[in-house]
Amino acid sequence: MSRPPADPPAMPSLLVFAVAVLLFGSPLRRLWLAEGAPAYLPFVVWLGVIALGGWVAHRSLRP
């Protein structure tokens, strides 16, 4: 039995997920959660992850 082909849009989504895990689950988050950082900086990071996900989804839908 042969393996079915991988869904191409899934790979870019996994890349966005890996970036989000790196930003929110690693010690890297100390950079944007520092004591002197502006209060809106976590929201900017979330907006960046959401925008990256939207861009990847839009790009993967093109033929």
Side-chain angles (χ1 to χ4, degrees):
M1 189 189 258
S2 65
R3 176 182 264 177
D7 188 17
M11 290 308 215
S13 298
L14 288 175
L15 179 65
V16 172
F17 177 73
V19 168
V21 166
L22 179 69
L23 284 173
F24 298 115
S26 71
L28 190 64
R29 67 179 171 214
R30 290 182 186 171
L31 294 174
W32 52 274
L33 289 176
E35 190 172 319
Y40 60 83
L41 196 54
F43 299 107
V44 171
V45 174
W46 268 112
L47 182 64
V49 169
I50 292 169
L52 181 64
W55 178 73
V56 165
H58 177 71
R59 188 168 178 222
S60 67
L61 291 177
R62 280 195 255 168

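Worth saying up front: this structure is predicted, and the values here are computed from it rather than measured.
- Taking hydrophobic clusters as Ile, Leu, Val, Met, Phe, Trp and Tyr residues chained together by side-chain heavy-atom distances below 4.5 Å, V49 does not share a cluster with F17.
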Determine all donor-acceptor pairs shorter than 3.5 Å in which one atom belongs to a side chain in residues 19-44; sequence neighbours excluded.
| from | atom 1 | to | atom 2 | distance (Å) |
| --- | --- | --- | --- | --- |
| S26 | OG | L22 | O | 2.4 |
| S26 | OG | L28 | N | 3.2 |
| R29 | NH1 | F24 | O | 3.1 |
| W32 | NE1 | L23 | O | 3.4 |

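- Hydrophobic cluster membership differs between L15 and W46, with clusters built from Ile, Leu, Val, Met, Phe, Trp and Tyr side chains linked at under 4.5 angstrom.
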